[in-house]
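Sequence positions, counted from 1, serve as the residue numbers for this chain. Here the structure is a predicted model, which is why all the values come from computation and not from measurement. Just so it is clear, the values below take in all heavy atoms, side chains as well, and ignore hydrogens, waters and symmetry mates.
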Amino acid sequence: NRATVAGGRSRAGWVTAGAVATGLGVWGLHVIGILALRLRDGLGAVPVRFHVPEMFLAAVVAVAAMAPALAIIVRRAAGTPAVLITGGLLGTAMAATHYVAMAAIRVPALVTHDVTLALASIGIALVAGTAAVWFSAELPGRGRHAAGGRLGTAIALGAAAAATHYTAMAAMRLTPTGARIASESAALPATPGVAAVVAAAILTLLGLATLAAAIDRRVRKGLERGEE
């Protein structure tokens, strides 16, 4: 919203901020969902660890893919082609974020995926991502700033990320190898504590982004009144 009404460097700044906030929000959903993974065999709980650099690589992928999507959709005259392109970028960001994050998993098993379900997860990301963009786009009969459009965007984006994640998790197949997990200094165990830290950090970031947008809106309204 702030990127749409801004211009020049200000718009670029808001697009970047939006890409970081949205990208990390999507990344956080996938990471917390993956950290919730619990495995058991006949002997009890199976240790699950995650390679931190690859987890952060997934965050970079999410933000990098969100940036061009937001840059396109904030244009005032974004039509159907732009919506389809942006929806494709958004869906790609969600799917890529999940699979890059899943590459960080460390378990004593061979990880493979059911091809049908994996493709279904990507398809869900593309379709639902496009729906999220459509809600926010300036299409005939729709107001870009309508409260209903913003609510629809939030619901569609959240549903898209969650549906993509859990469909992709259902596609995962684990074949025990009997080998021990290699010791890596950059690997962390999947614990509720780690998930809580990730959730708290992302919620703080999103709160700060919302506060910054509110302050900017008030400042702009004050300047407009002063010019009158």
Kindly work out whether a path of hydrophobic side-chain contacts (I/L/V/M/F/W/Y, heavy atoms less than 4.5 Å apart) joins Leu24 to Val31.
-> yes
Shortest non-hydrogen contact from Ile34 toward His98 | CD1-O, 4.3 Å
If you link ILVMFWY side chains whenever their heavy atoms are less than 4.5 Å apart, which other residues fall into the same cluster as Val60? By chain and number, please.
-> none
Is there a path from Val198 to Val20 through hydrophobic residues (I, L, V, M, F, W, Y) whose side chains come within less than 4.5 Å of each other?
-> yes
Taking all non-hydrogen atoms of both residues into account, name the closest pair between Ala93 and Met66 and its distance.
-> CB-CE, 4.1 Å
May I ask whether Val100 and Met172 are part of the same hydrophobic cluster, defined by side-chain heavy atoms of I, L, V, M, F, W, Y residues being less than 4.5 angstrom apart, directly or through others?
-> no
Nonpolar side-chain network containing Tyr99, other nodes, edges under 4.5 Å | Ile122, Leu126
Can you see which heavy atom on Leu29 is nearest to which on Ala161, and at what distance?
-> CD2-O, 3.7 Å
So OG1 of Thr164 and CD1 of Ile124: to nearest 0.5 Å the spacing works out to 6.0 Å
Counting only N and O atoms by type, is there a donor-acceptor contact under 3.5 Å from the side chain of Trp27 to the main-chain atoms of Met94?
-> no
Specify the closest pair of heavy atoms between Ala199 and Ile32, including all atoms of both residues, with the distance to one decimal.
-> CB-CD1, 3.6 Å
Kindly give the heavy-atom pair with the smallest separation between Val107 and Val111, and that separation in Å.
-> CG2-CG2, 4.0 Å
Rounded to the nearest 0.5 Å, how far apart are CG of Leu119 and OG1 of Thr167?
-> 12.0 Å
Rounded to the nearest 0.5 angstrom, the CE-OG distance for Met169 and Ser121 is 11.5 Å
Please report the shortest heavy-atom distance between His113 and Ala168, naming the atom on each side.
-> CD2-O, 4.2 Å
Are Met102 and Leu174 grouped together when hydrophobic residues (ILVMFWY) are joined by side-chain heavy atoms under 4.5 angstrom apart?
-> yes
Ile105 and Leu117: same hydrophobic cluster, using ILVMFWY side-chain contacts below 4.5 Å?
-> no
